[in-house]
Amino acid sequence: MSIDINCDLGESYGAYRIGNDETIISYVTSVNIACGFHAGDPTTMRKTVNLALENKVAIGAHPGFNDVLGFGRREINISPNEVYDIVIYQIGALEAFVKAEGGTLQHIKPHGALYNMAVKDGRLADAIAKAIYKINPAYILFGLANSELIRAGKRYGLKTANEVFADRTYQSDGSLTPRTHKQALIDCPKQAAKQIIDMIKNKKVTSVQGEEIPIQADTICIHGDSTHGISIVKEVTSTLLQSTITIRNFMEKI
C-alpha cells in the first residue's frame, strides 16, 4: 500500500514570501508550482523548479485565475473557452522553465477557485482536461476524488490522480468545505492524520454533517502556506509509515 503526497509551491510573489517551500519539500513526493496568475513570478518559478529538481520530487503546473489580490480563491465568471486559454498559457510558461532547467513536467493540478468550480462544473472540467490533452496527453491530471475533473480527464484518456486533503474538511456531496466556513480547515495534526488513514485504508471520509463518503485516495494534498502545514505533514508522514503505508510518487504506482 502506497500514497503520493503533494503540496503547492512557488506561491511567493516579488518581495512577498508565502509558504515554507524549503522545509515542506523534504516531506513530499510531488509539487504543484504556481504559474504566475494567482501567485508566482518568473524568477520564483525558475527557483522553485530548481528546488524541486534538487529534491528529486515530481513537478506539476498549478494554473489558477488571474487574481493575485484574492490569491486565486475568488470565483470568477469565466467561459470554458477562457479556461482553456488560461490553462494552456500557464502550463506553457512553467513547461518552458522545467525544460530550460533540464527537468520533466509530470502533472497538472488546477488551483483554488478554478479547481473548486471545475470539481462541480463539467464544462470547466472539460476545458481543463482538453487543454492538458492538447499540450501533452502524457500529463497526469490531479483532481478532487470523484469529481467532474477526474471524469473529464478520463474522457480524454488522461492518467488521473484522485486527490484527497489532509487539512480540509468535506461536505456530504464529496466537495471541500468552503474556506468561508468556520469548519473548513483542519488545524490539528492528529485529526489530519486520522482522516488520511481512514481515506487510504477504509476508502471513506466523514463529512462535517457526519456522513461517511466513499473515496479513492491516490495523492494527498497538504498546504505548506498554512499555519500548521509543517506540523501536519510531519504527523501525516509519521502515521503513514507507522501504518506500513509507503510514501512514493504517483507514477511509481502505475
Side-chain angles (χ1 to χ4, degrees), residues 3-9 11 18-20 23-24 27-28 30 32 34 38-39 62 64-65 67 69-76 109-121 124-125 142-151 161-240 242-243 245:
I3 193 73
D4 175 69
I5 300 180
N6 78 78
C7 69
D8 306 338
L9 251 60
E11 294 183 316
I18 296 175
N20 302 288
T23 303
I24 200 167
Y27 293 94
V28 303
S30 300
N32 324 300
H38 76 279
H62 199 33
F65 285 139
D67 178 29
L69 288 178
F71 199 63
R73 288 176 176 163
R74 298 184 291 192
E75 290 193 0
I76 293 177
K109 174 188 166 180
H111 166 81
L114 177 60
Y115 180 101
N116 289 318
M117 289 169 69
V119 159
K120 297 182 179 181
D121 190 328
L124 300 186
F142 279 25
L144 188 70
N146 308 321
S147 68
E148 290 294 334
L149 271 171
I150 296 296
R151 285 187 277 276
N162 286 278
E163 183 177 41
V164 297
F165 288 75
D167 49 12
R168 296 291 300 276
T169 62
Y170 285 76
Q171 295 293 291
S172 292
D173 64 355
S175 64
L176 298 177
T177 304
R179 284 179 176 270
T180 52
H181 195 287
K182 64 179 181 180
Q183 292 179 288
L185 304 179
I186 296 175
D187 294 329
C188 173
K190 290 192 179 299
Q191 182 186 349
K194 181 181 182 302
Q195 175 164 285
I196 287 301
I197 293 299
D198 225 18
M199 289 173 168
I200 298 171
K201 288 198 166 183
N202 301 319
K203 298 187 181 299
K204 65 181 178 63
V205 64
T206 303
S207 72
V208 294
Q209 292 83 16
E211 297 181 40
E212 289 189 350
I213 309 163
I215 203 161
Q216 171 67 35
D218 297 320
T219 182
I220 303 165
C221 176
I222 297 176
H223 291 97
D225 64 325
S226 70
T227 306
H228 304 279
I230 300 301
S231 298
I232 287 174
V233 75
K234 286 181 178 179
E235 183 69 28
V236 167
T237 300
S238 173
T239 304
L240 288 171
Q242 289 172 16
S243 303
I245 299 171

Listed by chain and number, what are the salt bridge (Lys or Arg N to Asp or Glu O under 4.0 Å) partners of [X], not counting sequence neighbours?
X	value
Arg168	none
Glu212	Lys204
Glu11	none
Asp187	none

Side chain to side chain contact (heavy atoms under 4.5 Å, CB included) assessment of Gln209 paired with Gln171: CA-CA 7 Å; Gln209 292 83 16; Gln171 295 293 291; 2.9 Å; yes

Residue among Ile220, Asp218, Val164, Ile215 satisfying side-chain contact (heavy atoms from CB on, under 4.5 Å) with Ile200: Ile220

Do [X] and [Y] meet the criterion of a side-chain donor-acceptor pair at a distance under 3.5 Å?
X	Y	result
Gln183	Thr169	no
Ser231	Glu235	no
Asp4	Thr219	yes

Under the side chain to side chain donor-acceptor pair (under 3.5 Å) test, residues paired with [X] that sit two or more places apart:
X	result
His228	none
Asp67	Arg74
Gln191	none
Arg179	none

Partners passing ring pair (Phe, Tyr, Trp, His ring centres under 6.0 Å) against [X] (at least two apart in sequence or in another chain):
X	value
Phe71	His38, His111
Phe165	His223
Tyr170	none

Please report the interatomic distance [atom1]([X]) to [atom2]([Y]), rounded to the nearest 0.5 Å.
X	Y	atom1	atom2	result
Asp121	Asn116	CG	CG	12.5 Å
Ile232	Gln195	CD1	CD	10.0 Å
Tyr115	His62	OH	NE2	9.5 Å
Lys109	Leu114	NZ	CG	12.0 Å
Ile3	Leu240	CD1	CG	7.5 Å
Asn162	Gln216	CG	CD	5.5 Å

Taking the side chain as C-beta and beyond, is there a heavy-atom pair between [X] and [Y] under 4.5 Å?
X	Y	answer
Asp173	Lys120	yes
Ile24	Ile230	yes
Ile222	Val28	no

Closest heavy-atom contact between [X] and [Y]?
X	Y	result
Pro214	Asn146	O-ND2, 3.1 Å
Ile213	Ser207	CD1-CB, 3.8 Å
Val236	Ala192	CG2-C, 4.3 Å

Val233 backbone acceptor or donor facing Thr237 side chain under 3.5 Å: yes

Stepwise side chain to side chain contact (heavy atoms under 4.5 Å, CB included) check, Thr239 with Ile196: CA-CA 9 Å; Thr239 304; Ile196 287 301; over 6 Å; no

Derivation of the side chain to side chain contact (heavy atoms under 4.5 Å, CB included) call for Val205 and Asp198: CA-CA 6 Å; Val205 64; Asp198 225 18; over 6 Å; no

Residues that Lys201 engages under side chain to side chain contact (heavy atoms under 4.5 Å, CB included), provided they are two or more places apart: Met1, Ile197, Ser243, Ile245

